[in-house]
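Read through the structure below, which is laid out as structure tokens, and then see the notes.
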Amino acid sequence: MKRPWASLARGPVVQSAGLLVGIIILGQFASGDPYWVGLITTGTILYILAASLNLLFGYAGLFALGQQGLYAVGAYLSVIIGIHLSSLPWIVDVIGAVLGSGLIGFLLALPTARLRGEYLALATIAFGAGVQAVLTVWINVTGGPDGLPDVPEASLFGHAVVPGSQEFLWITAVGAALTFLISAWMIGSRLGRSLRALRDNPLASQAVGINPVVTRSIAFAAAGAMAGLAGALFAAQQLFISPDQFDFTLLIGVLVAVLIGGAGRRFGPIIGAIALTALQKATNGLGSMEGVIYASLLALVILGLPGGVSGAGEALVRRLRSGKAAGIAGAGVAGPVVAPDIAAANGTVGAAGSGIAVANGAVVANGTVVHDTFSHSSPDGRALTIDNVSVQFGGVKAVSDVSLTVRRGEVVGLIGPNGAGKTTLVNIATGVLRPSRGEVRLGDEHLTGLSAHVVSRRGVTRTFQHPQLSPALSVQENVMLGLDRASTATLGEAILHLPRSRADERRFRAEAVSLLERVGIAHHANALAGSVPYGVQRRLEVARALACDPDFIFLDEAGAGLSEEERAELIHAIQEVASSHKGPGIVVIEHNISFVRQLCARSVVLVGGSVLTTGETDTVLRDERVVDAYLGGPAAAESDVAEITAGPSRG
Amino acid sequence: MGTIISILVDALAFGGVYALLAMGFSVILRSSRVAQFGAGYVALVGGLALAHLSPGLPEWISLILTLVIGAVLGIVLFLAIAKLGAFFGASETSLSIAALALGLLIGSIIDKATSAAVQTAPLFVNGYVTISGAAIEWNSFFTIGATSVVLIATYFLVGRTMLGKAMTAVCRAPSVAAASGLRIDLIVCASWMIGTALMTYAGAVLTPMSPISSDSVLALALKGFAGAIIGGVDRPAHAAAGALLLALADTLFVRYVSGGLEDLFVFGLVFVLLTLRPGGLFGSERIRYA
């Protein structure tokens, strides 16, 4: 950690330099034969395009199928700039193409930001087809179906660079290395964390304050810029472009490359580009058999190797390692799976795999690094007011005319039988649901109608009845999702890993560990969130909510599924948080009565969507109507009897 | 008057084909969450089948046979995509791409196996009728009839029968459906059979009107998907209605605005409608970002 340059060197910088050198050496082998050099150049351009799709499809999990459109925009832009501003150096054409397709990518993302799955796929397919249609009909500018035959030749420092030459390959290789570096940096930064969190769990991501529209738009813009770079290089290599070079079949090829290599993996697009180029070369002479072989391989890889080649490699390494570990440690509980990309990501930010242990130790032993997350600067005494809210689903009133006020530093119980509307009320308070009547205020500020991520940023966050985590991120990174909002570095600094953002990362890693410490699960910090036991996931949710440094927290059955011991630990942690200096107001939703009794001085009982009674917890719990509602009064269902006695895990 | 009628007939004849594809897309998507992006190549199978069957057999028998071929192909695709993919743990997104890949495979096998670059078949019915001065082919009416029969039959099959209700149950709450004793696999397989049969049938009724080849089917399928999305993919009937509307808008645009801008119009419309009404024109459910 003391040697930022050394740790930087272990990361993507060296790897991208390796890629650059690798491509150049490959070019040297083919030296003298323009055909082979050209083939390597084509493969390199394919890598850039595949990397841009991997960013959207792999990391962000967006089913975006319009990448060939952005590629086309890049190619045409570079040529059009080159033709009309022929006095400018070629590199300006390329930069123009990169910026232009980045902008188009951004503009494409804005209207489609809320579409998911096959809807986004269709919208982006329509975009790609639309671009092709524009290129075909806008004859004055694009040359129409015949395309643009006179592509200006590439040049650097006044030297013409002929396609198929070593120099052209070098330029392409630099582009590929830059693409590799920027994508690895992006994914290693908080932007990458947000993207992967949104991919795996949009609801929970918004609860920690991640803005889905902005995050996705940035990813689209970056992917657009990369595709634009690939397009500009393609144009300079082909010296002729026309609309039918950018049809849907091109996209299928790129998709194949991403999937064969392994979606969402750093080296995936490289492997994929090599495999696809080799495959195309190998099937070249086979005439009509080409399609058959190509398509069957594609189907086989997609169906049989879901993680692609690099996924299969990872699985193999994991199996070898766990075999070795078992040999050393003897028969024991299988260690938690460690996120494959984390070690690498850590390298880039200056806290290497071993660095975490150090940070961990520092926090625990010295207790100095960590600033008090709970010293809040906002004016004290702001209450969260839920004022007469109602919401109905179809004709069913889930919540009607419920009011509830919570003050800072207070722990309030929210209890009631299954279907009483407790979770619905949480959804209303945190912006997931909009009430049909009534409003939610924080102090004097209206929260009604704001998106979930805005409500979270204003200071109201939550946990979920069923743990909502980002399973592909580590436990520690899940907590950092909540901390990221306190970044001092701009997003640009974060992507480029400039000093301020590295300091942020170090601070957040330490803070995350101390928060995990607080709920008693710090020893799981490096495990993948999807691989840890249920009780750990529940407490991880609490730690992540605390990481948002909220004014108010809704804990939706945070104690469910925990052992007695774990529950006691959690109660202690919650009390500590609430009583800390200017601590947040906490609403606890629980079926376990002793849990509520220990934590909450005041409780609200919700039955059938309305408040039955409210008051001191002990008084409320003795109320006959409450006992009736739980233990099977005239209206209550039989099953609720079991519930209050056993304290079940869901409601 | 004559022009309006000929526009309507055109829109219904082609719209019926898109509607079959849209309905098939929707039936498969809702039960197995797989977007059958290979639909165009499945339609090509139908076109190929009709091209080979129709010279020797009565029209209606060859059409029924394409439905049967489609149902059998549906079982194969179900096993290859839904079952095999699930066995290896592929995601729904990967399965949709696998569907596309298998479609490409089918397309390239057909290209390899047949000498003809395009599949053509004689018109189902020859001759034309003159209405208010506009000559309209009898074949268009035949096509409208043939698509309507299957669309309406599927509507009842999917909407009104126990099988249809079971499919809806599987779509809305798979675990509850399983717990209620429904054989999920069989139901999903049935939806693949129905959906795939609709797609081959679409290719078959289209082929006499407009030759079909592995190069042309992607654009064809896109119109089907677009129609489904415009109407709302969650309900097969909505999907079909969306496709008919799209065909009408498409025909009107080509006739009155510009033939060259047709693609731009269709895809622009899809894009705009998707962003404005992601749940489809007839969809009532709001799609939340969750």
Side-chain angles (χ1 to χ4, degrees), chain A residues 57 61 63 65 108 110-134 136-137 202-203 206 212-213 247-249 252 255-256 259 263 287-307 432-433 451-452, chain B residues 25 29 33-35 37 80-81 84-85 87-109 111-113 214-215 218-219 222 225-226 228-229 233 258 260-276 278-279 287-290:
Chain A
F57 183 81
F63 202 173
L65 302 179
L108 169 64
L110 288 181
T112 58
R114 295 198 167 259
L115 299 177
R116 285 177 66 75
E118 62 277 0
Y119 293 89
L120 181 66
L122 258 294
T124 45
I125 286 176
F127 165 78
V131 168
Q132 220 187 351
V134 170
T136 313
V137 296
L203 196 64
Q206 294 201 72
V213 177
D247 61 3
F248 194 69
T249 22
I252 295 169
L255 204 52
V256 175
L259 286 167
S288 59
M289 278 309 282
E290 181 185 348
V292 178
I293 295 173
Y294 187 64
S296 16
L297 268 175
L298 168 59
L300 273 178
V301 169
I302 294 169
L303 291 171
L305 277 182
V432 173
L433 272 179
S451 305
Chain B
F25 185 70
L29 180 72
R33 304 315 305 164
V34 176
F37 285 135
I81 296 168
L84 195 65
F87 175 76
F88 284 112
S91 70
E92 280 154 7
T93 314
S94 304
L95 292 184
S96 303
I97 298 167
L100 179 62
L102 281 181
L104 286 169
L105 181 60
I106 292 170
S108 53
I109 289 175
D111 279 352
K112 168 84 185 141
S214 61
D215 294 328
L218 198 65
L222 274 181
F225 305 153
I229 293 281
V233 271
S258 154
L261 295 177
E262 180 190 356
D263 283 355
L264 196 57
F265 170 73
V266 171
F267 298 121
L269 190 69
V270 173
F271 192 84
V272 169
L273 283 175
L274 253 181
T275 55
L276 294 183
I287 296 189
R288 287 195 69 91
Y289 191 87

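Within every chain, numbering begins at 1; the chains are lettered A, B, ... in the order of the sequence lines, protein sequences first and strands thereafter. The shown structure was predicted, so the numbers you read here are calculated from the model rather than taken from an experiment.
Both the backbone and the side chain of Ala98(B) come within contact range of chain A, with heavy atoms under 4.5 Å apart. Proximity to chain A is limited to the side chain of Leu29(B), based on heavy atoms less than 4.5 angstrom apart. In this structure, the portion of Ala226(B) lying under 4.5 Å from any heavy atom of chain A is its backbone and not its side chain. At a 4.5 Å heavy-atom cutoff, Leu120(A) makes no contact with chain B through either its backbone or its side chain. Looking at Ala121(A), the atoms closer than 4.5 Å to chain B (heavy atoms on both sides) all sit in the side chain, from C-beta outward. The contact between Ile229(B) and chain A is made entirely by side chain atoms (from C-beta outward), counting heavy-atom distances below 4.5 Å. Of the two parts of Leu122(A), the backbone and the side chain both hold a non-hydrogen atom closer than 4.5 Å to a non-hydrogen atom of chain B.
Chain A forms the most heavy-atom pairs under 4.5 Å with one residue out of Leu218(B), Leu84(B), Ile81(B), Ile106(B), and that residue is Leu218(B).
Summarising the geometry, atom CZ belonging to Phe271(B) is positioned 12.5 Å from atom CD1 belonging to Ile125(A); distances are rounded to the nearest 0.5 Å.
Between Phe267(B) and Ala126(A), the shortest heavy-atom distance links the atoms CB-O, 3.5 Å.
When the options Val131(A), Val134(A), Thr136(A) are evaluated for a side chain to side chain contact (heavy atoms under 4.5 Å, CB included) with Leu264(B), the one that passes is Val134(A).
Applying the side chain to side chain contact (heavy atoms under 4.5 Å, CB included) rule to Leu100(B) yields the partners Phe248(A), Ile252(A), Phe37(B); only residues at least two apart in sequence or on another chain are considered.
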